[in-house]
Every structure is written in C-alpha cells, then in structure tokens.
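In this text, all values refer to a predicted model and were calculated from it rather than measured experimentally.
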Amino acid sequence: MRSGHMRFVPIKSIENQGFLMLHRARGLLVRQRTMTACAIRAHFAEFGIVVGQGRQRVDGLVDLLDDDDMTLPAHARIALAVLVNQLKELDRQVEAIERELAQIQRVNPMAKLLSSIPGIGPITATALAATVPDATMFRSGREFAAWLGLTPKQNSTGGKDRLGRITKQGDSYLRHLLVIGARNVVRYPKARSRVGGGWIEALLERRRPLVVAIAVANKLARIVWAMMITGEFYRPKLAA
C-alpha cells in the first residue's frame with residue numbers, strides 16, 4: 001500500500017477533545033446570535049426603521065423597543081421582545097464559554113505560549129493547542145500553512161509561475177481564526193510593527209487589505225509552527 005506520503009492526524013487526548021467541544025459550542029452559539037440579530041434588524045425594517053449592518057446598530061434597535069412613543073403593533077412588540085431576550089441569552093452563553101477558554105489559556109502551557117503572538121488571543125491559542133497536539137508531524141511552517149489552506153494554488157506552465165487563490169483546504173475553523181487575527185494585525189499599526197510592519201505596509205500599497213490579511217495569516221501560521229517546535233515565546237524584533 002502506497003501511503004508513505006500521507007499525513008495521519010494524531011489521536012487527541014480527552015482534555016483536548018473537551019477544549020474543542022467548547023469551541024464547537026461557541027461557534028454554534030455565535031451563528032445563532034448572528035441569525036437572531038439579522039432577524040431583529042429585518043423585522044424593524046418592515047416597519048420603516050432601517051439601519052446598517054453591525055451588532056452595535058442592532059443594539060440601538062433593541063433600545064428603541066422600550067420607547068413607548070414608537071408606533072409598533074402589539075404583536076410585533078411581542079415577537080421582537082422574544083428575539084431580544086434570545087439575543088441577550090446567547091450573549092450570556094457565548095461570554096461564559098469565552099471566559100472558560102480564557103481560563104484554559106492561562107493554565108495551558110502551549111496556549112499561553114501561542115498567545116504571545118500578535119493577533120492570536122485565547123480563543124485562537126486554545127484552538128491551535130487542542131487541534132495540533134504534535135507539530136512535528138509537519139516538516140516546515142510552510143507545510144503547516146498549506147495544511148490550513150493558507151497557501152496559494154500554483155498554476156504554473158511553460159516555466160512561468162502563476163499563483164492563484166488560497167486552496168482553503170484543511171481545518172476551516174483554524175483558518176478562519178487566523179484570518180480574523182491577521183485582519184486585526186493589518187488594521188492596527190502597533191500590531192503591524194510587531195509582525196514586521198515594513199512588508200505589510202508595502203503589500204498594502206499594492207493589494208487590498210483582505211488579500212494582505214491572508215498573507216499575514218500565512219505568516220502567523222508559520223510563526224505558530226516554529227514556536228510549537230522550539231517552545232520559545234514570540235520575540236517581535238526577530239519577526240521585523
């Protein structure tokens with residue numbers, strides 16, 4: 001059987017499985033919260049009260065529900081009140097899980113190590129620590145980034161290298177978290193300087209911010225692999 005090139009995922013410990021269950025539960029609750037917030041915004045729009053996208057704008061609509069001067073049918077108020085209560089309960093549940101993940105990050109050595117990287121907080125750090133218990137299964141940081149689907153597809157022919165979009169293969173949840181962290185790095189100059197602001201600034205002059213964020217996420221993935229292998233904390237001056 002030809003399987004020498006295949007990479008097998010190591011069996012996760014019961015503890016790591018528990019970490020990941022927290023992440024999966026949080027992901028489900030966040031999706032439900034987004035759906036509920038969108039429903040509230042859409043229902044208000046049916047009565048001519050239109051706001052843009054974003055959670056802060058939805059919170060403004062929630063405050064309007066307590067305004068007795070606003071003309072809304074009684075049945076509409078009842079329906080919206082149910083959705084608002086559900087939104088607040090989902091907020092409470094998500095915050096409870098995030099507090100637990102933050103507690104895990106403080107006591108888990110690998111999660112604490114990875115949290116020293118700009119753009120990686122307790123949620124991403126605990127997800128990485130639980131999903132990748134043994135980083136030596138990857139031969140390099142590039143291989144780890146490719147496993148996450150953060151490397152571009154190669155369409156090369158006739159001696160010309162053409163790079164396309166990222167493959168989006170591998171663990172979509174980890175990729176999503178790394179891209180979110182990378183977007184924060186790109187957005188804030190202080191964080192950019194800690195990851196190597198020069199090349200990020202140069203990329204921003206030629207590419208859209210989202211494209212630059214993907215490149216930064218690729219770099220963060222390589223940094224994560226290197227730190228998992230060496231066990232050393234992140235040192236900004238080496239990344240510049």
Side-chain angles (χ1 to χ4, degrees), residues 9-34 55 88-138 141 143-145 147-150 170-196 213-214 216-240:
V9 178
I11 298 176
K12 298 179 180 64
S13 66
I14 295 178
E15 184 180 20
N16 285 345
Q17 288 283 46
F19 292 172
L20 291 178
M21 285 183 66
L22 282 175
H23 283 277
R24 300 295 182 257
R26 176 185 173 275
L28 174 62
L29 293 172
V30 168
R31 290 193 297 273
Q32 292 177 345
R33 183 174 65 179
T34 301
R55 177 56 194 273
K88 292 179 179 179
E89 178 62 19
L90 289 169
D91 280 337
R92 186 191 66 79
Q93 293 173 346
V94 170
E95 289 172 1
I97 291 179
E98 289 180 348
R99 284 195 299 270
E100 184 64 28
L101 289 174
Q103 177 62 28
I104 293 172
Q105 181 269 331
R106 285 191 288 269
V107 299
N108 183 278
M110 183 56 69
K112 184 185 296 186
L113 176 75
L114 298 179
S115 295
S116 63
I117 305 173
I120 294 184
I123 295 174
T124 307
T126 52
L128 285 165
T131 308
V132 190
D134 183 14
T136 59
M137 61 184 290
F138 303 100
E143 194 172 88
F144 178 58
W147 178 72
L148 292 172
L150 288 169
D171 194 304
S172 60
Y173 181 65
L174 289 182
R175 183 174 62 254
H176 171 71
L177 292 176
L178 285 172
V179 170
I180 290 177
R183 294 181 73 170
N184 289 330
V185 170
V186 173
R187 184 178 298 122
Y188 299 108
K190 184 177 181 181
R192 287 203 301 264
S193 65
R194 296 189 64 205
V195 182
I214 297 298
V216 173
N218 183 299
K219 185 179 183 67
L220 292 180
R222 297 179 185 222
I223 294 173
V224 165
W225 177 83
M227 291 174 58
M228 283 182 162
I229 294 297
T230 64
E232 297 181 1
F233 278 83
Y234 182 76
R235 289 178 286 182
K237 63 180 181 180
L238 295 181

Flag side-chain contact, heavy atom, 4.5 Å: F19 against T131: no

Under 3.5 Å, which donor-acceptor pairs link side chains of residues 113-130 to any protein atom two or more places apart or in another chain?
from, atom 1, to, atom 2, distance (Å)
S115, OG, Q105, NE2, 3.0
S115, OG, A111, O, 2.8
S116, OG, L113, O, 2.7
S116, OG, Y234, N, 3.2
T126, OG1, H23, NE2, 2.9
T126, OG1, P122, O, 2.7
T126, OG1, I123, O, 3.0

Residue R183 excluded, over 12 heavy atoms near CZ under 6.0 Å: no

Euclidean distance, Q103 CD relative to N108 CG, rounded to 0.5 Å: 11.5 Å

Between CD1 on residue I104 and NZ on residue K112, distance to nearest 0.5 Å: 13.5 Å

V186 backbone acceptor or donor facing R192 side chain under 3.5 Å: yes

Cationic N near anionic O, under 4.0 Å, R92 to E95: no

Non-hydrogen side-chain atoms of M110 and M228 separated by less than 4.5 Å: yes

Nearest-0.5 Å distance, CE of residue M21 to CD1 of residue I97: 10.0 Å

Separation between NE2 of H176 and CG of D171, rounded to the nearest 0.5 Å: 11.5 Å

Validation row: L29, R26 side chains within 4.5 angstrom (heavy atoms): no

Value rounded to 0.5 Å, distance of CH2 in W147 from CG in L174: 6.0 Å

Smallest separation among heavy atoms of A145 and N218, with atom names: CB-ND2, 4.0 Å

L20 side chain near N16 side chain, heavy-atom distance below 4.5 Å: no

F233 CZ: over 12 foreign heavy atoms closer than 6.0 Å: yes

Steps toward ring pair (Phe, Tyr, Trp, His ring centres under 6.0 Å) verdict (W225, F138): CA-CA 8 Å; W225 177 83; F138 303 100; 8.3 Å; no

From Q93 atom CD to K88 atom NZ, the distance as rounded to the nearest 0.5 Å: 15.0 Å

Residue pair V179 / L150, side-chain heavy-atom distance below 4.5 Å: yes

Where A213 and A182 come nearest, the two heavy atoms and their spacing: O-CB, 3.1 Å

Taking every non-hydrogen atom, the tightest pair across L22 and E100: CD1-CG, 3.8 Å

